[in-house]
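Everything below concerns the one structure shown next.
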Amino acid sequence: MDKEKKILYSGMQATNTLTLGNYLGALKNWVKMHEEYECFFGVMDLHSLTVRQEPAEFRKNARSLYALYVAAGLDPEQNCVYYQSHVPTHAQLAWILNCFTYMGELSRMTQFKDKSQKHADNVNAGLFTYPVLMAADILLYQADVVPVGADQKQHLEICRDIAERFNAIYGDVFTIPEPYMGNTGARIMSLQDPDKKMSKSDENPNAAVMLLDDRDTIIRKFKRAVTDSDTAVRYDEEAKPGVSNLMTIYSCVTGKTMADIESEFAGKGYGDFKMAVGEAVADEMAPIQSRYKELMDDKTYIDGRIKENDEKAYYFSNKTLRKVHKKVGLTELIK
Ligand code: TRP
């Protein structure tokens with residue numbers, strides 16, 4: 001563990017394949033961070049259990065997400081990339097933090113309100129205490145920074161509140177994490193309704209590009225992307241949300257500025273522009289997809305990294321857990 005570096009923690013739920021939005025908004029930005037931070041990235045499979053999962057498919061998705069993390073560039077030898085469920089300290093600390101979290105503050109979480117509407121037949125206690133487990137994830141590693149999307153900001157705030165409450169009673173046990181504001185995590189919108197976030201659960205299959213879509217599918221989805229009745233490729237989120245979203249995607253992939261893109265397509269129609277975006281995205285996905293296939297076939301390599309990183313995560317997180325046990329007055333383990 002490099003003590004000079006600050007600690008970064010993040011992760012995604014282990015469900016479904018990732019969208020281009022997850023990649024450009026999160027993964028792609030995480031890849032370079034290990035140079036500056038000591039990074040921990042979890043496959044958050046315990047969180048996924050708050051919604052009913054089909055076991056075989058769930059197991060496959062969790063494996064697939066691990067391989068996608070690695071294929072997208074999160075080197076498991078530079079970063080600690082591991083499964084949340086393999087490291088028992090998460091559930092252990094979550095229990096203790098439950099006793100420092102109020103029903104009132106959990107009831108105010110917008111994600112809980114949304115999800116309990118969406119899954120009205122299964123409003124379970126896990127869904128309610130979801131943010132407490134997330135706080136445990138972060139606090140176990142003494143994370144300084146947590147890159148999260150706007151939808152997770154409230155969860156990070158409650159994590160800070162819980163940590164501050166605990167520290168106020170027991171002294172400085174937890175580092176108070178900051179949301180990560182660096183390198184803009186782009187917000188990628190639906191290709192069919194650019195007022196909505198690109199989502200894997202969208203009913204319209206053309207709304208989201210999946211990371212594992214093949215080249216033709218990617219290009220076809222971009223060709224069908226909703227734009228406007230104007231013809232100019234110009235960045236204006238209000239008046240031209242569809243075109244602006246495509247420009248954001250193109251910019252994330254090519255590194256070009258909005259001004260560059262405007263001049264590149266000056267005098268050309270939307271057809272050319274959409275084709276260029278589709279091809280650029282397909283070109284970026286191609287090496288990730290082939291690396292993904294290799295990794296899914298190389299069980300020995302992936303299993304080796306999982307084991308190594310599970311152990312590293314346990315070693316590090318257990319230090320925090322032991323400290324917490326001691327502070328709250330649980331009796332010590334007999335060695
Ligand atoms: N709740 C996060 C999401 O759905 C996933 C997550 C779980 C997470 N634990 C975390 C993200 C800890 C950052 C840090 O996106």
Side-chain angles (χ1 to χ4, degrees), residues 1-14 30 33-34 37-50 62 65-66 69 74-101 126 129-148 152 155-156 158-167 170-180 303-333 335:
M1 181 68 50
D2 185 345
K3 289 265 169 17
E4 298 297 300
K5 287 185 181 175
K6 288 194 166 189
I7 297 169
L8 181 149
Y9 192 94
S10 203
M12 292 180 191
Q13 282 204 49
W30 294 354
M33 288 180 175
H34 73 84
Y37 296 94
E38 182 73 40
C39 294
F40 292 86
F41 295 108
V43 172
M44 300 309 187
D45 47 1
L46 293 176
H47 277 107
S48 302
L49 287 178
T50 54
L65 181 61
Y66 193 100
Y69 274 2
L74 291 184
D75 182 347
E77 293 169 47
Q78 311 265 12
N79 305 279
C80 183
V81 186
Y82 73 102
Y83 285 101
Q84 182 189 34
S85 66
H86 291 188
V87 182
T89 49
H90 290 251
Q92 290 175 290
L93 182 63
W95 171 257
I96 296 174
L97 296 183
N98 266 324
C99 305
F100 292 85
T101 308
T129 60
Y130 180 112
V132 184
L133 178 59
M134 180 159 160
D137 300 336
I138 296 166
L139 299 176
L140 276 170
Y141 299 88
Q142 305 290 350
D144 297 287
V145 292
V146 182
V148 283
Q152 296 297 316
H155 288 163
L156 198 60
I158 196 174
C159 169
R160 289 165 56 94
D161 291 343
I162 298 167
E164 277 166 2
R165 184 173 303 145
F166 194 95
N167 284 355
Y170 300 105
D172 281 341
V173 176
F174 297 125
T175 303
I176 309 297
E178 300 285 339
Y180 184 78
D303 285 353
R305 301 295 77 72
I306 291 174
K307 185 159 189 292
E308 215 166 76
N309 282 323
D310 286 350
E311 280 164 10
K312 181 176 172 189
Y314 179 73
Y315 172 79
F316 197 71
S317 60
N318 195 41
K319 284 200 216 170
T320 302
L321 184 69
R322 298 266 66 86
K323 202 162 161 190
V324 168
H325 274 210
K326 197 162 169 201
K327 291 284 185 182
V328 299
L330 291 167
T331 56
E332 276 178 54
L333 289 175
K335 290 209 182 93

Requested in this report: May I ask you to say whether Glu311 pairs ionically with Lys307, meaning some side-chain N is under 4.0 Å from a carboxylate O?
Outcome: yes

Query raised in the report: Can you find a pair of side-chain heavy atoms, one from Leu333 and one from His325, that are under 4.5 Å apart?
Result: no

**Report entry** Pairwise side-chain contact, Glu178 with Arg160, heavy-atom cut-off 4.5 Å (strictly under)
**Finding:** yes

Query raised in the report: Side chain of Gln142, backbone of Val173: donor and acceptor closer than 3.5 Å?
Result: yes

**Report entry** Atom of Pro76, atom of Tyr66 and distance for their closest heavy-atom approach
**Finding:** CB-OH, 4.1 Å

Query raised in the report: NE2 of His155 to CD1 of Ile138: how many Å apart, nearest 0.5 Å?
Result: 10.0 Å

Query raised in the report: Would a 4.5 Å heavy-atom cut-off, applied to side chains only, mark Ile306 and His86 as touching?
Result: yes

Report task. Please name all residues satisfying ring pair (Phe, Tyr, Trp, His ring centres under 6.0 Å) with His47, sequence neighbours left out, ordered by chain then number. Result -> Tyr130

Query raised in the report: Any idea which heavy atoms bring Thr320 and Leu140 closest together, and the distance?
Result: OG1-O, 2.8 Å

Report task. Starting at CD1 of Ile96, measure out to CG of Leu321 and round the result to the nearest 0.5 Å. Result -> 5.5 Å

Requested in this report: Using a 4.5 Å cut-off on heavy atoms from C-beta on, say whether the side chain of Leu133 contacts that of Thr50.
Outcome: no

Query raised in the report: Are the side chain of Asp45 and the backbone of Ala62 linked by a donor-acceptor contact shorter than 3.5 Å?
Result: no

Query - salt_bridge(Arg322, Glu332) N-O dist < 4.0 Å - result: no

Query raised in the report: Parallel, tilted or perpendicular for Phe40 and Tyr9, by the 30°/60° rule?
Result: parallel

Requested in this report: Check the angle between the aromatic planes of Phe316 and Tyr141 and answer parallel, tilted or perpendicular using the 30° and 60° thresholds.
Outcome: parallel

Query - Sidechain-backbone polar pair: Asn309 side chain, Tyr82 backbone, donor-acceptor under 3.5 Å - result: no

Query raised in the report: Pro147 versus Trp30: any side-chain heavy-atom pair under 4.5 Å?
Result: yes

Report summary line: Tightest non-hydrogen contact, residues Ser10 and Met44, listed as O-CE, 4.2 Å

Query raised in the report: Atom CE of Met134 and atom CG of Leu139: how far apart are they, to the nearest 0.5 Å?
Result: 10.5 Å

Query raised in the report: With distance as the sole test, does Lys5 use its side chain to make a donor-acceptor pair with the main-chain N or O of His34 at under 3.5 Å?
Result: yes

**Report entry** Side-chain (Asp144) to main-chain (Ile7) donor-acceptor, under 3.5 angstrom
**Finding:** yes

Query raised in the report: Between atom CZ of Phe174 and atom CG of Leu93, what is the distance when rounded to the nearest 0.5 Å?
Result: 5.0 Å

Report task. Could you tell me the separation between the CG atom of Asn79 and the CZ atom of Arg305, rounded to the nearest 0.5 Å? Result -> 13.0 Å

Requested in this report: For Tyr180 and Met33, work out which heavy atoms get closest and say how close.
Outcome: CE2-CE, 3.1 Å

Query raised in the report: So, for Gln13 and Leu65, which heavy atoms are closest and what is the spacing to 0.1 Å?
Result: O-CD2, 3.3 Å

Report summary line: Interatomic distance, CD@Gln92 vs OG@Ser317, rounded to 0.5 Å, equals 8.5 Å

Query raised in the report: Where do Ala136 and Ala94 come nearest, in terms of heavy atoms and distance?
Result: CB-N, 3.7 Å

Query - pair Val324-Phe166: side-chain heavy atoms closer than 4.5 Å - result: yes

Requested in this report: Please confirm whether the backbone N or O of Ala14 pairs with a side-chain atom of Ser48, one donor and one acceptor, at under 3.5 Å?
Outcome: yes

Query raised in the report: Is the shortest heavy-atom distance from the side chain of Thr101 to the side chain of Thr129 under 4.5 Å?
Result: no

